[in-house]
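In what follows, a single structure is set out as structure tokens and then discussed.
Quick caveat: nothing in here was measured; it's all calculated off a predicted structure.
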Amino acid sequence: QAPLVESGGGLVQPGGSLRLSCKASGLSLSEYGLAWFRQAPGKEREAVACIAWIGENRDYADSVKGRFTIRRDDEENTFSLEMNNLYPADTAMYYCAAARTLSAAAICTLQTYSTWGQGTQVTVSS
């Protein structure tokens, strides 16, 4: 089984909401910094939101600040991305990722992450 599995993607109208979840197997997320990335067709993979290994530090892409929220639940070994007021520009494949950052900083650098989910599609369209 893949170490990270996303769920919750789908088709939503502009202005709508979705909640993505990432479930871990075979690793304890309490030891990892966590992040969500997305990749639209023809574009590079970009960081959307990240949360530190320890503490509550978070960081977001400017394009999603105030609309998206990343949360972690180490007891359930999951983390999530709450997405509100979605735009068509948010349409992409969304990936969850984990890394042993050992840092209290929220790190959103693509190269930091070596453990990835398979992706879940989010489509925002009327």
Look up atom [atom1] in [X] and atom [atom2] in [Y], then write down how far apart they are to the nearest 0.5 Å.
| X | Y | atom1 | atom2 | value |
| --- | --- | --- | --- | --- |
| Asp74 | Leu34 | CG | CG | 7.0 Å |
| Glu82 | Ile70 | CD | CD1 | 12.0 Å |
| Ile54 | Tyr32 | CD1 | OH | 15.5 Å |
| Glu46 | Cys108 | CD | SG | 11.0 Å |
| Glu56 | Arg71 | CD | CZ | 10.5 Å |
| Ser114 | Arg100 | OG | CZ | 9.5 Å |

Inset, instruction - Could you state whether Phe37 and Leu86 fall into the same hydrophobic cluster, counting links through intermediate Ile, Leu, Val, Met, Phe, Trp or Tyr residues with side-chain heavy atoms under 4.5 angstrom apart? - result: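 Looking at the clustering, Leu86 is in a separate group from Phe37.
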If I compare all heavy atoms of [X] with all of [Y], which pair ends up nearest, and what's the gap?
| X | Y | answer |
| --- | --- | --- |
| Pro14 | Ser126 | CD-N, 3.7 Å |
| Ala104 | Ala52 | O-CB, 3.3 Å |
| Leu4 | Ala98 | CD1-N, 3.9 Å |
| Glu6 | Cys96 | OE2-N, 2.9 Å |
| Ala99 | Tyr113 | CB-CD2, 3.5 Å |
| Lys23 | Glu76 | NZ-O, 2.8 Å |

Inset, instruction - Start with the C-alpha distance between Ser21 and Thr78, add both sets of side-chain angles, then the distance that settles side-chain contact (heavy atoms from CB on, under 4.5 Å), and finish with yes or no. - result: CA-CA 7 Å; Ser21 294; Thr78 63; 5.8 Å; no
Inset, instruction - Run the numbers on Ile107 and Trp53 for side-chain contact (heavy atoms from CB on, under 4.5 Å), then give the verdict. - result: CA-CA 9 Å; Ile107 299 174; Trp53 162 62; over 6 Å; no
In the structure I gave you, are the side-chain heavy atoms of [X] and [Y] within less than 4.5 Å of one another anywhere?
| X | Y | answer |
| --- | --- | --- |
| Thr109 | Thr101 | no |
| Asp90 | Arg67 | yes |
| Val124 | Tyr87 | no |

Legend entry - Full working for side-chain contact (heavy atoms from CB on, under 4.5 Å) between Val64 and Met83: CA-CA 8 Å; Val64 307; Met83 306 185 294; over 6 Å; no
Inset, instruction - Could you check Tyr95, Phe79, Tyr94 and say which one makes a ring-ring contact (aromatic ring centres under 6.0 Å, His included) with Trp36? - result: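 Answer after filtering Tyr95, Phe79, Tyr94: Phe79.
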Legend entry - Stepwise side-chain contact (heavy atoms from CB on, under 4.5 Å) check, Ser125 with Leu11: CA-CA 7 Å; Ser125 175; Leu11 173 65; 4.2 Å; yes
Inset, instruction - Would you tell me whether Ser17 and Arg19 have side-chain atoms, one donor and one acceptor, within less than 3.5 Å of each other? - result: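 Side-chain D/A pair, Ser17 to Arg19: absent.
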